[in-house]
Asker: 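Handing you this structure, nothing more for now.
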Number of protein chains: 2
Amino acid sequence: MKKHITIKDLALKLSVSVSTVSRALRNAPDINLKTKEAVLRLAEELDYEPNALAKSLVQKRTHLIGIIVPELDMQFFSSSIRGVQEEAYKRGYNVLIAQSNEDYELEVENIKSMVASRLDGLIVSLSRKTKDFSHFDKIIRRGIPLVLFDRTSKNIDSSKVEADGVEGAYAATEHLIEQGYKRIAHLGGPKNLEISQKRLKGFMDAMKINDMPINEEYLITCDLSREDARLKATELMSLQKPPDAIFAINDPIAIEAMKVIKEIGLNIPFHVGMIGFNDEPICELLEPKLSSVNIPTIKMGHHAAQILIDQIEGDNTRIVHEVLPCNLVIRESSNKRGFIKQNKVSV
Amino acid sequence: MKKHITIKDLALKLSVSVSTVSRALRNAPDINLKTKEAVLRLAEELDYEPNALAKSLVQKRTHLIGIIVPELDMQFFSSSIRGVQEEAYKRGYNVLIAQSNEDYELEVENIKSMVASRLDGLIVSLSRKTKDFSHFDKIIRRGIPLVLFDRTSKNIDSSKVEADGVEGAYAATEHLIEQGYKRIAHLGGPKNLEISQKRLKGFMDAMKINDMPINEEYLITCDLSREDARLKATELMSLQKPPDAIFAINDPIAIEAMKVIKEIGLNIPFHVGMIGFNDEPICELLEPKLSSVNIPTIKMGHHAAQILIDQIEGDNTRIVHEVLPCNLVIRESSNKRGFIKQNKVSV
DNA sequence: TTGTAAGCGTTATCAA
DNA sequence: TTGATAACGCTTACAA
């Protein structure tokens, strides 16, 4: 790697001091316009690019925020990241993205690296395998601003931004009940994740309030991998009395369940109703189109970034916990009544 | 933000010099085992975390590589990134991810920021709007290792890793011809992108070799946005003699075209055959399942990282250009013969 | 308006 | 095996 031009080089060539160059580059007020222009011209000419490392070292601020997500190829996460970026750029921060690949060790590693690089703050969505939270305790003890995002945990004492999973699950479940489904199952996520707990709670609440019997066999969890989802969906459909509707923890899981059901030769939504969560664009492309719970991802990203940067800039240690409303999007996969009417099937 | 512990603090508490502490932390050879243990113990106790900024400043190496992609929510990119990460971690590098959102200014901004942060090397996949390459000239002039990835350009004089678009497009087109399609169209990408040019070339080659007439009206380009794809597909299907098969530049574009065709009431693959590119997981979930050209993404990521890191570590200025073979995956959307046989339709 | 000098947290080069 | 000390490239008092 070739030598980078430094302010020293510029100073030398112009026979001024480094502080003068520094002033010119930062367009500080106390500098002669002519010297400033000369510096700027030379900098341009020599292709000077400031060394952020040096600057950060002295200022103790990197103007960098980090975001760690379990995976990138879900619209949910990538779109949230876009929200974070938009807000961050607006306020003069750059965003460093990392993915933990749903792996605990990698999550720890990523955080360590970001702390070492002295990022000004972190936004994290927990990996599904994260059950120990001591790496977050460290961050908090250090006083590094932290916002948990979507995949949160009550074991971590930080600001949080999440979607209202209870409410969303409630709406989804109630919709299934209204459509006349009787044996409704929930294909949930790992118990250690709070989103799993909340969506389960919304499900249970809706069932109870509507006097629906709860069958323990219909309360299944998977580890959020496609493989396990397929396995658990198969188990579910192999029960003596299989469910006639499934509320899945998210869209990829719902999609696996749909595959299983179609392979058995059952019709969705007629024999089995299905609702997912996240409202990934793919929902629109499936046959039947998958009903799902929409989450305001961009907005969540905005809020997370706002809270984080406020915390970075004010010495505002106040912990904020934001819960954004979701929105049930009804499509074909749960529209039993519509299907019956349209196809003139008798029940 | 609280004060970070530094080696100075450790040195003070242990009444040794900073260089001793530094040696202990880096487990240098020339140090007494006992002092080393004492240092390590105290560091652990005080929750010392090294300041990578300072280290990088003096070493002129960050052990960070950056990757910039147009967007994150395509399996193609996120999976390539995973490949880059795997290789990078293996060799002691961390990976910083950024997305340009297909925006030229943001691409320039991202690169600037990475250069300012003195990343050791960059892997870049061009945004679809990038037609000016001077920001890359600067990088190259600086001697910063650079590998272009998938979305490359011959205007940039750097190492490159890409899939064999000509070959992939050729195979796809030839397959359509073999299936008996007669009026084959290509819904391509913007001309400034080399992948567009290559896939077009593969298409043309296959048509010519098989003595298929080329209808200029069937050679359409879109800007890779869903909206434009829909528009162009609609135009294509509104022609007096619409095509009976489309080879699309990638899967999202193919999906938009499929939607349009289905809305008109035509059957895929019977009335119109369709093939995409990238082999996103969604291909399997569509109805009909979308034929596509598979790209070895993880492998491409590995190679890109290898080439980059080799370049970083050796002062190996040799430019490498790797073209990895693709693989046509035939599914329902292009299987006209199969469809005819199965449904006993007469042609 | 400019320059001098100290310092940010490391590593690296000498001596001791 | 250890300790001074000078860098790294920048900002920031303070002095001129």
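Within every chain, numbering begins at 1; the chains are lettered A, B, ... in the order of the sequence lines, protein sequences first and strands thereafter. Please read these numbers as outputs of a predicted model, since none were measured by experiment.
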Asker: So, taking the atom named CD in B:Gln75 and the one named OG1 in B:Thr297, what distance separates them when rounded to the nearest 0.5 Å?
Answerer: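 Between atom CD of B:Gln75 and atom OG1 of B:Thr297 there are 6.5 Å.
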
Asker: Atom CG of B:Leu57 and atom P of D:dC10: how far apart are they, to the nearest Å?
Answerer: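 Between P of D:dC10 and CG of B:Leu57: 9 Å.
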
Asker: How many Å lie between CD1 on A:Ile7 and P on C:dT2, as a whole number?
Answerer: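 For the pair A:Ile7 CD1 and C:dT2 P, the rounded distance is 15 Å.
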
Asker: Which whole-number value in Å describes the distance from A:Gln59 CD to D:dG9 P?
Answerer: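 Whole-Å distance recorded here is 17 Å.
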
Asker: So, are A:Lys112 and A:Glu109 salt-bridged, with charged N and O less than 4.0 Å apart?
Answerer: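 Answer for the salt bridge query: no.
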
Asker: Between A:Ile5 and B:Lys36, which residue's closest nucleotide on DNA chain D lies nearer the 5′ terminus?
Answerer: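 In this pair, the answer is B:Lys36.
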
Asker: If you look at every strand shown and take non-hydrogen atoms under 4.0 Å, does A:Thr35 touch a base, only sugar-phosphate, or nothing?
Answerer: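 The residue A:Thr35 makes sugar-phosphate contact but no base contact.
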
Asker: State whether A:Lys60 places a side-chain N or O below 4.0 Å from either non-bridging phosphate oxygen (OP1 or OP2) of C:dG9.
Answerer: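 So the side-chain polar atoms of A:Lys60 do come within 4.0 Å of the phosphate oxygens OP1 or OP2 of C:dG9, strictly under.
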
Asker: Decide, yes or no, whether a salt bridge links A:Arg82 with A:Glu87 under the criterion of side-chain N to carboxylate O below 4.0 Å.
Answerer: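 Judged by the 4.0 Å cut-off on N to carboxylate O distance, A:Arg82 and A:Glu87 do not form a salt bridge.
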
Asker: Calculate the interatomic distance between A:Leu12 atom CG and C:dG3 atom C1'; express it in whole Å.
Answerer: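 It is 15 Å, rounded to the nearest whole Å.
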
Asker: Between B:Lys299 (side chain) and B:Ile295 (backbone), is there a donor-acceptor pair under 3.5 Å?
Answerer: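 No.
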
Asker: Examine distances only and state if a side-chain atom of B:Arg26 and a backbone atom of B:Ser22 form a donor-acceptor pair shorter than 3.5 Å.
Answerer: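 Judged by distance alone, yes, a pair lies under 3.5 Å.
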
Asker: Name the nucleic acid region contacted by A:Asn51, choosing base, sugar-phosphate or nothing; use a 4.0 angstrom heavy-atom cut-off, strictly under.
Answerer: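 Touches sugar-phosphate only.
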
Asker: Nearest to the side chain of A:Lys55, heavy atoms from C-beta on, is which of D:dG9, C:dT10, D:dT11?
Answerer: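 My answer, after comparing the listed nucleotides, is D:dT11.
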
Asker: Closer than 4.0 Å, any side-chain N/O of B:Lys8 to the OP1 or OP2 of C:dC8?
Answerer: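 Indeed, a polar side-chain atom of B:Lys8 lies that close.
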
Asker: Let me know the distance between CG of A:Asn32 and P of C:dG3, rounded to the nearest Å.
Answerer: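 Rounded to whole Å, this separation is 11 Å.
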
Asker: Taking only the side-chain heavy atoms of B:Ala54 (C-beta and beyond), determine which of D:dG9, C:dT10, C:dT2 contains the nearest atom.
Answerer: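 So the side chain of B:Ala54 is nearest to C:dT10.
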
Asker: Kindly check if the number of other-residue, nucleotide or ligand heavy atoms within 6.0 Å of NZ (A:Lys55) is above 12?
Answerer: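 Atom NZ in A:Lys55 is not crowded, with 12 or fewer foreign heavy atoms closer than 6.0 Å.
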
Asker: Could you tell me the separation between the CD1 atom of A:Ile31 and the P atom of C:dG3, rounded to a whole number of Å?
Answerer: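 Whole-Å distance recorded here is 9 Å.
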
Asker: CZ of A:Arg61 versus P of C:dG7: gap in Å, rounded?
Answerer: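 Going from CZ in A:Arg61 over to P in C:dG7 covers 23 Å.
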
Asker: How close or far is atom P of C:dT11 from atom CG of A:Leu53, stated in whole angstroms?
Answerer: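 After rounding, the reported distance stands at 14 Å.
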
Asker: For a quick check of understanding: with a heavy-atom distance under 4.0 Å over all strands, which category does B:Asp30 fall into, base, sugar-phosphate or nothing?
Answerer: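 Result for B:Asp30 = base.
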
Asker: Which of these nucleotides, D:dT11, C:dT10, D:dT2, is closest to any side-chain atom of A:Val58?
Answerer: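 The answer is D:dT11.
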
Asker: Under a 4.0 Å heavy-atom cut-off, which of residues 16-29 of chain A touch DNA chain D?
Answerer: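 Residues of residues 16-29 of chain A that come under 4.0 Å of DNA chain D are, in numerical order, A:Ser19, A:Ser22, A:Arg26.
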
Asker: Who pairs with B:His303 by ring-ring contact (aromatic ring centres under 6.0 Å, His included), at least two apart in sequence or on another chain?
Answerer: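 Partners of B:His303 under the ring-ring contact (aromatic ring centres under 6.0 Å, His included) test: none.
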
